[in-house]
Amino acid sequence: MIALVDCNNFYVSCQRVFEPRLNGQPVVVLSNNDGCLIARSDEAKALGFKMGEPYHLARPALQQHGVRVFSSNYALYGDMSRRVLRVLGDWVPEVDVYSIDEAFLNLDGTQFLRRGQSLSQYGSDIRAAVLQHVGIPTCVGVAPTKTLAKLANRLTNRRTGHNVVTLETDAQRQAALAATPIEQVWGIGRRYGKKLLEMGLVTAADLTAMPEGWVRRHLGGVVGVRLWQELHGQPCLDFDPAALEDEERPARRHSVAHTRSFGRPQRDPAVLGEAVASFVARAAEKLRRHGLSAQVLTVLLGTDRQAPQPHTFTAVATLPAATHDTGELTRAALERLRRLLRPGTAYHRAGVMLSGLEPMGQTQLGLFTQTPEQLQRSQQLMTRLDALNQRFGQSTVRYAAAGLQEQKWEGRHNFRSPAYTTDWQNLWQVCA
DNA sequence: TCTGGGGTCCTAGGACCC
DNA sequence: TCTGGGGTCCTAGGACCC
């Protein structure tokens with residue numbers, strides 16, 4: 001059996017841990033750039049605020065209702081997420097981290113269940129432990145597959161205190177499928193939801209009643225078939241406990257990216273170059289934090305996403321050998337950027353993606369491009385760079401290519417809360 | 001003036017190579 | 001006059017997730 005532990009309204013919960021008077025109050029958290037609403041407390045949802053709503057349109061109503069507004073604070077949320085995972089790791093050996101606020105637990109092997117204890121009681125105990133040690137409320141769904149565990153989790157109800165739902169028997173599974181609108185099944189998005197409704201399928205049970213061949217034809221081929229089998233109780237999605245992110249076990253991720261919308265559109269190649277160099281630095285830091293090197297680098301430039309014909313331009317560089325050296329990656333990125341730039345075009349966002357990842361240690365020397373001495377020097381330099389920036393703040397030490405004009409391209413973050421748990425300057429003050 | 005960012009998987013056409 | 005097939009790389013796009 002698989003349990004899905006979901007920290008609902010996670011970002012709001014994180015803010016509330018450090019400001020308990022926000023409990024019971026409407027709270028929203030904004031995306032990067034203070035662009036749109038990405039997290040809402042139950043009270044804010046009840047007032048009608050929608051996920052993804054543009055902030056500048058919602059602002060009058062937010063003010064009118066006295067809703068507390070926060071810019072997103074990923075340093076805080078990431079740290080709180082690790083605390084939650086640590087507690088979960090105390091309960092089960094296999095934790096598959098799905099996102100910053102959700103994790104699957106492998107409950108197979110009844111040695112994890114005390115004699116005579118029900119799955120439902122076990123779920124409640126885990127929930128209580130996370131709440132006690134981290135202060136974050138969660139909901140737990142338990143079922144034979146990931147997709148069914150998600151479905152079970154959706155059937156929890158915080159208002160009634162029904163925080164754990166288990167699907168252990170076929171009758172329970174059937175009832176849950178019948179109670180789930182088709183467009184709320186994990187893996188059915190806006191497009192397929194609309195299409196299936198038009199075809200007369202209303203609940204998840206309607207979908208499982210269709211033949212496999214029909215699903216293959218109408219639901220994206222192999223992807224749809226996997227979803228259908230998962231709903232039937234046959235696991236098709238890997239359970240990947242190595243995804244637990246810590247230094248000893250690097251995540252089995254396939255890419256690392258850093259992309260940003262600009263505060264205002266940019267045309268100047270020099271400014272775009274500095275922005276891309278800054279993004280390379282962020283992405284490379286993330287790479288090193290996970291103990292990885294990358295052999296493939298993609299530079300991306302985007303035009304206005306709201307325009308009738310938005311476009312994303314990409315250019316790929318395959319490096320002679322995998323690397324985590326900011327300098328090497330920056331050179332490759334700027335060279336590709338030059339090829340990508342079209343004079344006069346206004347770009348609204350840019351980014352860097354690193355792929356072809358492998359663990360740092362097993363990096364091969366580039367044939368004719370690197371000596372062992374060069375590799376060692378690069379590694380020492382990166383270690384010191386990260387240590388200095390960790391201690392004195394991001395970008396304290398940077399490559400010249402990243403420039404000093406970030407005010408030209410950086411977005412807004414007007415309501416940022418302190419990084420309470422990760423920055424000595426921002427320790428929680430009990431007395432104001 | 002103001003609409004996020006970071007991921008996953010799958011598909012497909014064109015260029016190029018053998 | 002005949003006019004393959006398999007492979008890789010690049011680019012783009014579609015769908016989904018949180």
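Naming: A, B, ... by sequence-line order, numbering from 1 per chain. Worth saying up front: this structure is predicted, and the values here are computed from it rather than measured.
Spacing between atom CE of A:Met353 and atom C1' of B:dG5 amounts to 12 Å, rounded to whole angstrom units. Distance CD (A:Gln295) to P (C:dT8): 16 Å, rounded to an integer number of Å. If you measure from atom CG of A:Leu300 to atom C1' of C:dC10, you get 15 Å, rounded to the nearest angstrom.
Classification of A:Lys146 and A:Asp96 as a salt-bridged pair holds, one side-chain N sitting under 4.0 Å from a carboxylate O. By the 4.0 Å N-to-carboxylate-O rule, A:Arg83 lies close enough to A:Asp79 to be salt-bridged with it. A salt bridge does not link A:Glu230 with A:Lys150: every distance from a Lys NZ or Arg NE/NH1/NH2 to an Asp or Glu carboxylate oxygen is 4.0 Å or more. A salt bridge is defined here as a Lys NZ or Arg NE, NH1 or NH2 lying under 4.0 Å from an Asp or Glu carboxylate O, and A:Glu285 with A:Arg282 meets this definition. Comment: A:Arg331 does not engage A:Glu335 in a salt bridge, judged by the lack of any side-chain N to carboxylate O separation of less than 4.0 angstrom.
Between the side chain of A:Trp409 and the main chain of A:Arg349, no donor-acceptor pair closer than 3.5 Å is present. Judged purely by atom type and a 3.5 angstrom limit, A:Ser31 uses its side chain to pair as donor or acceptor with the backbone of A:Cys36. Not one N or O on the side chain of A:Gln295 forms a donor-acceptor pair closer than 3.5 Å with the backbone of A:Gly356. Under a 3.5 Å cut-off, the side chain of A:Arg16 and the backbone N or O of A:Gln25 do form a donor-acceptor pair.
The residue A:Lys195 sits apart from the nucleic acid: no heavy atom pair falls under 4.0 Å. Counting any heavy atom pair closer than 4.0 Å across all strands shown, A:Glu53 reaches no nucleic acid atom. Contacts of A:Val185 with the nucleic acid, taken as non-hydrogen atoms under 4.0 Å apart, involve only primed sugar atoms and P, OP1 or OP2. Residue contacts shown for A:Ile100 are absent, as no nucleic acid heavy atom lies under 4.0 Å away. A:Tyr55 comes within 4.0 angstrom of nothing in the nucleic acid, heavy atoms only. A:His311 comes within 4.0 angstrom of sugar-phosphate atoms only, judged by non-hydrogen atoms across all strands, and of no base. At the heavy-atom level, A:Arg305 lies under 4.0 Å from the strands shown only through sugar-phosphate atoms. Contact annotation for A:Arg260: backbone-only contact, meaning every heavy-atom pair under 4.0 Å involves sugar-phosphate atoms and none involves a base. If you check every strand for non-hydrogen atoms under 4.0 Å, A:Lys50 touches nothing.
Residue whose closest nucleotide on DNA chain B sits further toward the 5' end, between A:His56 and A:Val256: A:His56.
Applying the salt bridge (Lys or Arg N to Asp or Glu O under 4.0 Å) test to A:Arg173 and every residue at least two apart in sequence or in another chain returns A:Asp170.
Distances shorter than 4.0 Å separate none of the side-chain N or O atoms of A:Ser99 from OP1 or OP2 on B:dG7. In terms of phosphate contacts, A:His254 brings no side-chain nitrogen or oxygen within less than 4.0 Å of OP1 or OP2 of B:dG7.
Comparing B:dT8, B:dT3, B:dG6 by their nearest atom to the side chain of A:Ser255 picks out B:dT8. Candidate nucleotides B:dT3, C:dC18, B:dG5 were compared by shortest atom distance to the side chain of A:Asp101, and C:dC18 ranks first. When the nucleotides B:dC2, B:dT8, B:dG6 are ranked by their closest atom to the side chain of A:His258, B:dG6 comes out on top. Comparing C:dC18, B:dT8, B:dG4 by their nearest atom to the side chain of A:Tyr74 picks out B:dG4. Closest to the A:Ser261 side chain, of the nucleotides B:dG4, C:dC17, B:dG6, is B:dG4. Distances were taken from every side-chain heavy atom of A:Arg191 (C-beta onward) to each of C:dC16, C:dT11, C:dC10; the shortest belongs to C:dC16. Checking B:dG4, B:dG7, C:dA15 against every side-chain atom of A:Tyr192, the shortest atom distance belongs to C:dA15.
At a non-hydrogen distance threshold of 4.0 Å, nothing from residues 211-236 of chain A comes into contact with DNA chain C.
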*Whenever both distances are under 3.5 Å in a Watson-Crick or G-U wobble pair, mark it; put DNA chain C into dot-bracket that way, with [ ] for crossing pairs and | when the partner is on another strand.*
....||||||||||||||
